[in-house]
**Q** 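Please find one structure pasted underneath; my questions will follow.
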Amino acid sequence: MHWADVIAKDIADSCEKPLIATGISPTGIIHVGSLREAITGESVRSAVEGLGKEVRLIYLIDSFDPLRKRYDFLPAEFEKYVGMPISRIPCPCGKHRNYAHHFVQPFLDAVDSLGVQCEIIWTHELYEEGKFAEAADLAMKKRDQVIKIMTEVTGKAENPEYAPYNPICSSCGRFAKPVFDTYEFPYMEYSCTCGNHGKADVRKAEGKLTWRLEWPAKWKIFGTSAEPFGKDHAAAGGSYDTGKRIVDEIYGGKAPYPIPYEFVQLKGVGQMHKSLGCPVTGLDAINMTPPEVLNYLFLRVNPSRAIDYDSGLGTLDIADEYDRMERLYFAGEWTEAEDNSVRAYVIAQHNHVPVGLPHQIPYRHLVNVAQMAPGFEGVVEVLERTEDLSDMTEGDRKRLARRVDCVRYWLNGFAPDAVKFSVCGTVPPGIELSMNEKVFLKSLSVKMYDCNWDADSIGSTIADTAKESPLGLKGGYGAMYRIFIGKKAGPRLGTFLASMDKNFVINRIVQASG
RNA sequence: GGGCCUGUAGCUCAGCUAGGUAGAGCAUCUGACUUUUAAUCAGGUGGUCAAGGGUUCGAAUCCCUUCAGGCCCGCCA
């Protein structure tokens, strides 16, 4: 059974109306790993839904987290915002409502395009609405017990100064040091490094629970039944362990069914980190991988397995594999070894499996075609030279358009040079042709005048001419690639040349043969 | 120091909570298509399932030990 089905079954068996929670802390640039969490959550949600249960997925944005430091990608003036909640820091680019929005908005768009059906919840709004008041009050009243749990679970030395709740200074807007012994609901005194003393109202957004207390508070508030989280939280003595006891002993609630997952690494680069910029951001991944394929990428392996995200040729492999699974699914026949992947394909649709096999264009082929013609219509034109596209549905066209965009994005920033080509404006300088090659090109140029300008005719004209030459097919093709794109190999010549102007092609051949 | 995860064909991974003769894709090789390159198809090669021990009629699968790699442990998915 696929892992998402196993988890879904457990959840469906133990909850009447399951609620899956997931979230993100948008303190910096969002990376591919964040996508794993969202997709894992949505996959479990749709699998539970498939079992006939009413199920919700909420997406919590930790918009009230403080900015820890001025990251390198932030302008120098952001130094002054360190220590403030990110919902109250201005947007770095000026186009969004605040800092949190700036980093999370593109990601939310991405999540939307992946078909994740979730309710977005902003943590800073929860604080403003006083949703955390009860938890904050309990945590403060039972602070001794909280500290006891912390030391017991983490095995670290007891810290009598441990603050379950951090007030925000009314003067400078940064998190300040709480004064514990005068606490009386709802007011908490504090003294700030800026010299200000004051009182924070825990019913208002005048302070924040620390992460280890906030997480279980969310479980209690929403009644979370399952939640995916990174392995950092899953470590022994980590925040899931402390949260489990906090929610039970302090708040009187229940911990969710845990779905820990391994981190995603970049192939050949290593671990990603939100506070450093990363070479491939979550947005890049979204832009270069079709959404359905990205879903599939995370679904095909167990959450416990680390993923090396390959932004190179691996992107093509995974798209091809996705298409193959799609074909198997609609053919209704596959081997046992493929069972898991076919199921991953189905879950990747989030209960919206197409009614019939979509019109597939091989992804690798698209990489070539996208380089032969501009725009989407241009691509369609080239494709139509060799293939009947009349049976394409509106959905097929949309998918193709999206894939073309992805391929272009990939070609621009991530594709290895080996797959890239562009038609040179003249015979590339430095290209030396042998006498045989020149003779071949000369006789080819003559035949090309009489050749119909379609892929098949061009292909056979070149093949026939090459076979008559001592160069043979291989040598003939090689010469053509060199004079057109300056490389030893390239896309199939028939379709490739057919996408260009006949006179241009002939002129080039004549030019090179002289 | 504590803990989690991983180790199956060159690569990416199924199979491990049904213990019963090792699987898929990619790559590679061969052949077909009277176009051998980067749109197709059909075949083939390829693994003492990290190592050792135990349970069993039988173990990739369950148990123990070891080795290797990755990662986490009051910020981080």
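Throughout, a chain's letter reflects where its sequence line sits, starting with A, and its residues are numbered from 1.
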**Q** In whole angstrom, give me the gap between the C1' atoms of B:A50 and B:C72.
**A** 23 Å

**Q** Shorter than 3.5 Å, N or O on both sides, protein versus nucleotides 21-24 of chain B: list them out with atom names.
**A**
from  : atom 1 : to       : atom 2 : distance (Å)
B:A24 : O2'    : A:Arg324 : NH2    : 3.4
B:A24 : O2'    : A:Glu338 : OE2    : 2.9

**Q** Mind calculating the distance between CG (A:Leu497) and P (B:A39) to the nearest angstrom?
**A**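 In whole Å, B:A39 P and A:Leu497 CG are 14 Å from each other.
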
**Q** Between B:G69 and B:A42, how far is it from one P atom to the other, in whole Å?
**A**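 Pairwise P distance, B:G69 against B:A42, rounds to 42 Å.
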
**Q** Using the C1' atoms only, state how far B:A18 lies from B:G58, rounded to an integer number of Å.
**A**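 Nearest-Å result for B:G58 against B:A18 at atom C1': 16 Å.
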
**Q** Using the C1' atom as the reference point in each nucleotide, state the distance between B:A32 and B:U21 in Å, no decimals.
**A** 34 Å

**Q** For the side chain of A:His233, starting at C-beta, report the closest nucleotide among B:U6, B:A39, B:C76.
**A** B:C76

**Q** Would you indicate what A:Asn368 reaches in the nucleic acid, counting non-hydrogen atoms under 4.0 angstrom: base, sugar-phosphate, or nothing?
**A**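 Base, at least one base heavy atom under 4.0 Å.
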
**Q** For the residue pair A:Thr27 and A:Asp65, confirm or rule out a side-chain donor-acceptor distance under 3.5 Å.
**A** no

**Q** Quick check for you: among B:A38, B:G74, B:C76, whose closest atom lies nearest to any side-chain atom of A:Asp232?
**A**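 Nucleotide nearest to A:Asp232's side chain: B:C76.
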
**Q** Rounding to an integer number of angstrom, what distance separates B:G74 and B:A14 when you compare their P atoms?
**A** 30 Å

**Q** Taking the C1' atom of each, how far is B:G52 from B:G7, in whole Å?
**A**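 Per the computed distance, 16 Å lies between those C1' atoms.
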
**Q** Starting from C1' on B:G74, measure out to CZ on A:Phe175 and report it in whole angstrom.
**A** 16 Å

**Q** I need a per-nucleotide contact map over nucleotides 31-36 of chain B, read 5' to 3'. Cutoff is protein heavy atoms under 4.0 Å; write B for the base, S for backbone only, - otherwise.
**A** ---SBB

**Q** Give the nucleotide from the list B:C4, B:A38, B:A39 with an atom nearest to the side chain of A:Lys231.
**A**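 Of the candidates, B:C4 comes closest.
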
**Q** Starting at CG of A:Asp339 and ending at P of B:G25, how long is that distance when rounded to a whole Å?
**A**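 Roughly 15 Å, once rounded to whole Å.
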
**Q** Test your reading of the model: is there a side-chain donor-acceptor pair from A:Arg408 to the backbone of A:Ala370, 3.5 Å cut-off?
**A**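 Checked: pair present.
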
**Q** Using the side-chain heavy atoms of A:Val301, tell me which of these nucleotides is nearest: B:C13, B:C4, B:C75.
**A** B:C13

**Q** Using the ring of A:Tyr363 (Phe, Tyr or Trp, six-membered ring only), decide whether A:Arg403 places NZ or CZ under 6.0 Å from its centre and within 45 degrees of its axis.
**A**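 Relative to the ring axis of A:Tyr363, which defines the angle, A:Arg403 lies outside at least one limit.
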
**Q** Check whether any side-chain nitrogen or oxygen of A:Thr242 sits under 4.0 Å from OP1 or OP2 of B:G74, and answer yes or no.
**A**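 For B:G74, neither OP1 nor OP2 has a side-chain N or O of A:Thr242 closer than 4.0 Å.
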
**Q** In dot-bracket notation, what is the pairing pattern of RNA chain B, taking Watson-Crick (N1-N3 plus N6-O4 or O6-N4) and G-U wobble (N1-O2 and O6-N3) contacts under 3.5 Å, with [ ] crossing and | for other strands?
**A** ((((((((.[[[[.)....(..]]]].(((((.......))))).....[[[[[..)....]]]]])))))))....

**Q** Looking only at the aromatic ring of each residue, does the gap between the centers of A:Tyr345 and A:Tyr296 stay below 6.0 angstrom?
**A**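 Not close enough - the centres of the two rings lie 6.0 Å or further apart.
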
**Q** Would you call A:Asp62-A:Lys218 a salt bridge at under 4.0 Å N-O?
**A** yes

**Q** Over how many whole Å does the gap from A:Met84 atom CE to B:C75 atom P extend?
**A**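 To the nearest whole Å, that distance equals 20 Å.
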
**Q** Is there a donor-acceptor pair under 3.5 Å between the side chain of A:Tyr322 and the backbone N or O of A:Val293?
**A**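 Not a single qualifying donor-acceptor pair exists.
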
**Q** Judged by atom type as modelled, is there a donor-acceptor pair below 3.5 Å linking the side chain of A:His359 to the main-chain atoms of A:Leu400?
**A** no

**Q** P atom, B:C63 versus B:C4: distance in rounded Å?
**A**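 To the nearest whole Å, 14 Å.
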
**Q** Using a strict threshold of under 4.0 Å (side-chain N to carboxylate O), is an ion pair present between A:Lys148 and A:Glu249?
**A**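 No, A:Glu249 and A:Lys148 are not salt-bridged.
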
**Q** When all nucleic acid strands are considered with a 4.0 Å heavy-atom cut-off, which category describes A:Ala418: base, sugar-phosphate, or nothing?
**A** base

**Q** Ignoring hydrogens and geometry beyond distance, is a side-chain donor-acceptor pair present between A:Asn302 and A:Ser304 at under 3.5 Å?
**A**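 Side-chain D/A pair, A:Asn302 to A:Ser304: absent.
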
**Q** Using atom CG of A:Leu493 as one end and atom P of B:A39 as the other, report the distance to the nearest whole Å.
**A** 10 Å

**Q** If you assign each of A:Arg68 and A:Val419 to its closest nucleotide in RNA chain B, which residue comes earlier from the 5' end?
**A**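 The 5'-side residue here is A:Val419.
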
**Q** For a quick check of understanding: with a heavy-atom distance under 4.0 Å over all strands, which category does A:Gly314 fall into, base, sugar-phosphate or nothing?
**A** nothing

**Q** Select base, sugar-phosphate, or nothing to describe what A:Ala234 touches, counting heavy atoms under 4.0 Å on all strands.
**A** nothing

**Q** When we call it a touch if two heavy atoms are under 4.0 Å apart, what does A:Arg36 touch: a base, just sugar-phosphate, or nothing?
**A**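 Nothing, no heavy atom under 4.0 Å.
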
**Q** Using atom CZ of A:Phe229 as one end and atom P of B:C72 as the other, report the distance to the nearest whole Å.
**A** 16 Å

**Q** Reckon A:Asp10 touches a base, only the sugar-phosphate, or nothing at all at heavy-atom distances under 4.0 Å?
**A** nothing

**Q** Measure the distance from CG on A:Asn340 to C1' on B:G15 and round it to the nearest whole Å.
**A** 9 Å

**Q** Nearest nucleotide by nearest heavy atom, which residue falls closer to the 5' end of RNA chain B, A:Gly238 or A:His365?
**A** A:His365

**Q** Would you call A:Glu321 and A:Arg324 a salt bridge, using N to O less than 4.0 angstrom?
**A**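 No, A:Glu321 and A:Arg324 are not salt-bridged.
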
**Q** Have a look at A:Thr495 and say if it touches a base, only the backbone sugar-phosphate, or nothing, with a 4.0 Å heavy-atom cut-off.
**A**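 Counting heavy atoms under 4.0 Å across all strands, the contact made by A:Thr495 includes a base.
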
**Q** Between A:Arg212 (side chain) and A:Gly238 (backbone), is there a donor-acceptor pair under 3.5 Å?
**A**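 Side chain of A:Arg212 to backbone of A:Gly238: a pair is present.
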
**Q** Around A:Lys80, counting heavy atoms of other residues, nucleotides and ligands shown, do more than 12 lie under 6.0 Å from its NZ?
**A**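 More than 12 heavy atoms, drawn from other residues, nucleotides or ligands, come within 6.0 Å of this atom.
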
**Q** Looking at B:U6, B:G70, B:A38, which one has an atom nearest to any side-chain atom of A:Glu262?
**A**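 So the side chain of A:Glu262 is nearest to B:G70.
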
**Q** If you look at every strand shown and take non-hydrogen atoms under 4.0 Å, does A:Arg212 touch a base, only sugar-phosphate, or nothing?
**A**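 The residue A:Arg212 makes sugar-phosphate contact but no base contact.
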
**Q** Considering only the P atoms, how many Å lie between B:G46 and B:U40, rounded to the nearest integer?
**A** 26 Å

**Q** Across the strands shown, which category fits A:Asp464 at heavy-atom distances under 4.0 angstrom: base, sugar-phosphate, nothing?
**A** nothing

**Q** For residues A:Trp122 and A:Ser87, is any side-chain donor paired with an opposing acceptor at under 3.5 Å?
**A**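 The criterion, which ignores hydrogens and geometry beyond distance, is not satisfied for A:Ser87 and A:Trp122.
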
**Q** For the pair A:Lys9 and A:Asp13, find out whether any cationic side-chain nitrogen is under 4.0 Å from an anionic carboxylate oxygen.
**A** yes

**Q** Do you see a donor-acceptor pair shorter than 3.5 Å between the side chains of A:Tyr127 and A:Glu214?
**A** yes

**Q** For A:Leu389 and B:A39, what is the distance between atoms CG and P respectively, to the nearest whole Å?
**A** 17 Å

**Q** What contact category does A:Trp334 fall into here, base, sugar-phosphate, or nothing, at under 4.0 angstrom with non-hydrogen atoms?
**A**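 Here A:Trp334 touches no strand at all.
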
